Amino acid sequence: MEHPVIDLRSDTVTRPTPEMRRAMAQAVVGDDVLGDDPTVIDLQERVAELMGKEAACFVPTGTMANQAAIRAQTEPGDEVIAHEDSHIIHYETGSPAALSGVMIRPARGDRGLYDADQLDELHRAPSIHAPASRLVLIENTQNRGGGAVWPIEQIIRVTGRAAELGLRRHLDGARIWNACAATGLAPADYARHFDTVSCCFSKGLGAPAGSAVAGDRAIIARVARFRKMFGGTMRQSGILAAAALHALERHRDRLTDDHANARRLAEGIAQIPGLSIDPVGVETNMVFFLVGPSIGTAAEFCVRLRSMGVLMLPNAPRRVRAVCHLDVNRQAIDEAIRKVEQAARAAVLV
Ligand SMILES: *Cc1c(COP(=O)(O)O)cnc(C)c1O
């Protein structure tokens, strides 16, 4: 496929910059299965430091980060409390069931967030009949919730209640960097409320691959064991770790540009007849908007946009998702707004 003009399907579509490729080419590497890739060791130490944890484990994907963390902290027959719109429920191929033998008990609330009262409702008292409540999961930012940021007070309420109930706590921080860019909080300000935290380098940070899990030494040793079991322990992975280190140092501060672009895109879309969006709900780099019946379905609208050189993803029958990232600048966003307007107008005329 010829590369389309403006690709807003996801912040995973970014290609490594020339500087990142240079950092990868120059990486000092070893065999990480034998524990001696110095660049992987550097990255793990850097992530542990940023998260305020004892240790971290580099893994190929965010899915493996979450699943190794779940496997490390549960036994088959246990239950994980997570929002019904969680990535682990919708986009990880049922792996909590397949790899850990656990059930998920879905929590409810607006924008993918829930509060401590949900734990009181969903937590199960120990019983010979029931699954054992074991782990609470929070996703920040919340992907299907529109890139929503959890207020830190709400995280403190939920994780505090979880601790009182004897539950372990995992943060799916695939986009924790966006949460930090939006609030000015440090990663450790979030991470201190959790036993384990996952994060991705391959989303807004723009690395080609890689994620990590941070926690105390004992739990990270278990995560590393399950990484091996799941087939995710790599050899000269310092080449990828170099990209992640470069992304952490060079691409974190600029996430606020993506947030400003997302807000601009949302404000543009809000002006277009037939489309609806509340720009106030755009807190980070994600923009979700609704396509009115006069225009057709979200999927039809995305096909039309594609023919005009703008890529977005239908995410529900009437809902379209657009994500800002380091390969789209402000001019590209303005161009995308014009194309969206043309596509909407053409649809109404048909
Ligand atoms: C992308 C993402 C992941 C992990 O996805 P991979 O494609 O496996 O790297 C996990 N959680 C959330 C919230 C995500 O958006």
Side-chain angles (χ1 to χ4, degrees), residues 10 12 32-33 55-108 112 114 118-119 122-124 126-145 162 165-176 194-203 208-215 218-235 237 240 313 315-316 321:
S10 175
T12 57
D32 188 50
V33 181
C57 179
F58 183 50
V59 295
T61 66
T63 298
M64 191 177 289
N66 284 336
Q67 297 309 323
I70 290 172
R71 183 65 185 80
Q73 299 178 89
T74 59
E75 292 175 38
D78 283 351
E79 209 161 50
V80 177
I81 298 175
H83 193 279
E84 61 181 349
D85 279 333
S86 297
H87 195 278
I88 63 155
I89 295 182
H90 293 278
Y91 305 123
E92 300 188 14
T93 61
S95 48
L99 301 180
S100 296
V102 296
M103 311 234 303
I104 311 276
R105 194 126 205 245
R108 299 209 161 81
Y114 58 93
Q118 284 286 291
L119 298 192
L122 300 174
H123 164 265
R124 299 177 194 269
S127 151
I128 196 171
H129 304 288
S133 301
R134 187 76 61 195
L135 178 68
V136 167
L137 182 141
I138 281 177
E139 183 178 316
N140 190 26
T141 64
Q142 222 288 350
N143 186 337
R144 280 168 65 95
L165 292 167
L167 304 173
R168 293 188 67 89
R169 295 146 295 168
H170 175 66
L171 174 61
D172 177 351
R175 292 190 182 80
I176 190 171
F194 296 87
D195 298 297
T196 50
V197 182
S198 62
C199 62
C200 291
F201 311 113
S202 54
K203 305 264 167 97
S211 290
V213 187
I219 201 70
I220 294 307
R222 279 177 67 75
V223 166
R225 174 167 178 75
F226 292 114
R227 173 184 67 173
K228 186 73 170 76
M229 189 182 287
F230 297 165
T233 307
M234 300 176 284
R235 300 289 176 177
S237 40
L240 293 173
L313 284 181
N315 153 280
R321 186 182 92 157

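Only heavy atoms go into these numbers, but all of them, side chains included; no hydrogens, no water, no symmetry mates. Values in this document were obtained by computation on a predicted structure and should not be read as measured data.
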What is the minimum heavy-atom distance between [X] and [Y], and which atoms define it?
X: L119; Y: A162; answer: CD1-N, 3.6 Å
X: S86; Y: H83; answer: OG-O, 2.6 Å
X: I220; Y: V213; answer: CD1-O, 3.5 Å
X: S211; Y: G62; answer: OG-N, 3.0 Å
X: Q142; Y: G145; answer: OE1-N, 2.7 Å
X: A224; Y: T233; answer: O-OG1, 4.4 Å

Do any pairs count as a salt bridge (charged side-chain N to carboxylate O under 4.0 Å, His left out) and have a residue in [range], sequence neighbours left out, and if so which ones?
range: residues 82-93; result: E84-R108, D85-R144
range: residues 129-142; result: D78-R134
range: residues 58-67; result: none

Report the residues that fulfil side chain to side chain contact (heavy atoms under 4.5 Å, CB included) with [X], sequence neighbours left out, ordered by chain and then residue number.
X: A209; value: L240
X: A107; value: I81, Y114, Q118, L122
X: A56; value: Q44, V47, A48, A214
X: T93; value: S95

In this structure, which one of D172, T61, T196 forms a side-chain hydrogen bond (donor to acceptor under 3.5 Å, both in side chains) with N66?
-> D172
How long is the straight-line distance from [atom2] of [Y] back to [atom1] of [X], given to the nearest 0.5 Å?
X: L135; Y: D195; atom1: CG; atom2: CG; result: 8.0 Å
X: S198; Y: I70; atom1: OG; atom2: CD1; result: 9.0 Å
X: E79; Y: R105; atom1: CD; atom2: CZ; result: 5.5 Å

Hey, are the side chains of [X] and [Y] touching, using non-hydrogen atoms and a 4.5 Å cut-off?
X: K228; Y: V33; value: yes
X: I88; Y: Q67; value: yes
X: I138; Y: F194; value: yes

Ignoring hydrogens and angles, tell me if any N or O in the side chain of N140 forms a donor-acceptor pair with the backbone of I176 under 3.5 Å.
-> no
Short question: side chain of S10, backbone of T12 - any donor-acceptor pair under 3.5 Å?
-> yes
Please name all residues satisfying salt bridge (charged side-chain N to carboxylate O under 4.0 Å, His left out) with [X], sequence neighbours left out, ordered by chain then number.
X: R321; answer: none
X: R225; answer: none
X: R227; answer: D32

Hits for ring pair (Phe, Tyr, Trp, His ring centres under 6.0 Å) against H87, two or more places apart or cross-chain, chain-then-number order -> Y91
Yes or no on side chain to side chain contact (heavy atoms under 4.5 Å, CB included) for V80 and H170, after CA distance, side-chain angles and deciding distance?
-> CA-CA 10 Å; V80 177; H170 175 66; over 6 Å; no
Set of residues satisfying side-chain hydrogen bond (donor to acceptor under 3.5 Å, both in side chains) with respect to R71, sequence neighbours excluded | none
